[in-house]
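All remarks here apply to the structure that follows.
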Amino acid sequence: MPFWLMKSEPDEFSIADLQQRGSGRWDGVRNYQARNYLRQMAEGDLFLFYHSSCATPGVAGIGRISRSAYPDPSALQPDSAYFDGKASATGNPWSAVDVEFVERFEHVLALPALKADPRLADLALVKKGSRLSVMPVEPEQWQAILSLR
DNA sequence: GCCAACGTTGGC
DNA sequence: GCCAACGTTGGC
């Protein structure tokens with residue numbers, strides 16, 4: 001069972017939002033590498049919910065993939081911030097997955113703590129300049145992060 | 001708000 | 001195919 005990490009700006013969608021709603025759609029990914037990882041996800045896969053561009057960037061909890069990748073509807077909605085004029089119903093290059101709430105950490109596992117852990121040195125998240133918003137997490141990295149709770 | 005780093009676009 | 005310009009990401 002693969003593990004993943006996905007970034008979201010908590011102002012847009014946070015672990016608290018997912019907890020409250022129980023489930024949601026992970027859409028708006030507009031980067032091909034990240035999209036390709038979305039397409040590799042299977043129902044039941046767990047992911048780390050990362051808060052970016054906020055006061056305390058870090059891993060805020062865990063979610064589960066409840067529906068594997070399908071064409072991202074937001075690309076076709078002109079009123080969406082994620083609208084893509086080059087996408088069409090028959091040619092939509094973007095993917096979304098559905099997710100469900102699993103766990104909200106008592107404290108956000110802040111980025112500096114993740115960077116300081118040598119077990120996470122190879123995680124794309126902590127590498128300088130990395131902007132990837134969806135990435136795989138190795139089982140050892142997954143365990144290392146959970147040990148920081 | 002700043003800015004480094006990255007991905008994309010488009011001229012050539 | 002190269003690469004400069006541009007827009008975006010995201011930490012600080």
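Below, read A as the first sequence line, B as the second, and so on, with proteins coming before strands; counting in each chain starts at 1. As a basis for the values below, the full set of heavy atoms in this structure was taken, side chains included, without hydrogen atoms, waters or symmetry mates.
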Looking only at side-chain atoms of [X], point me to the closest of [options].
X	options	answer
K128(A)	dT9(B), dA5(B), dG11(C)	dA5(B)
S52(A)	dG7(B), dC12(C), dG10(C)	dG10(C)
R131(A)	dC6(B), dT9(B), dT8(B)	dC6(B)

Within less than 4.0 Å of OP1 or OP2 of dG11(C), is there a side-chain N or O belonging to Y50(A)?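 Yes.
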
Does a side-chain N or O of K7(A) approach OP1 or OP2 of dG10(C) to a distance below 4.0 Å, or not? yes

Establish, from distance only, whether the side-chain atoms of S147(A) and R119(A) form a donor-acceptor pair under 3.5 Å. yes

I'd like to know whether the aromatic ring centres of F49(A) and F13(A) sit less than 6.0 Å apart in this structure.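 Yes, they do, as the ring centres are separated by less than 6.0 Å.
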
Please state how far atom [atom1] in [X] lies from atom [atom2] in [N], giving the value in whole angstrom units.
X	N	atom1	atom2	result
L132(A)	dT8(C)	CG	P	19 Å
Q33(A)	dG7(B)	CD	P	7 Å
M135(A)	dG7(B)	CE	C1'	15 Å
E9(A)	dT9(C)	CD	P	7 Å
E12(A)	dT9(C)	CD	C1'	14 Å
D84(A)	dG7(B)	CG	P	18 Å

Hey, what's the ring geometry for F3(A) with W142(A), parallel, tilted or perpendicular (30° and 60° as the breaks)?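 It falls in the parallel class, under 30°.
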
A42(A) to I65(A) - nearest heavy-atom pair and separation: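 So the two residues come closest at O-CB, 3.5 Å.
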
Base, sugar-phosphate or nothing for K127(A)? Non-hydrogen atoms, less than 4.0 Å.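 No contact at all - K127(A) keeps every heavy atom at 4.0 Å or more from the nucleic acid.
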
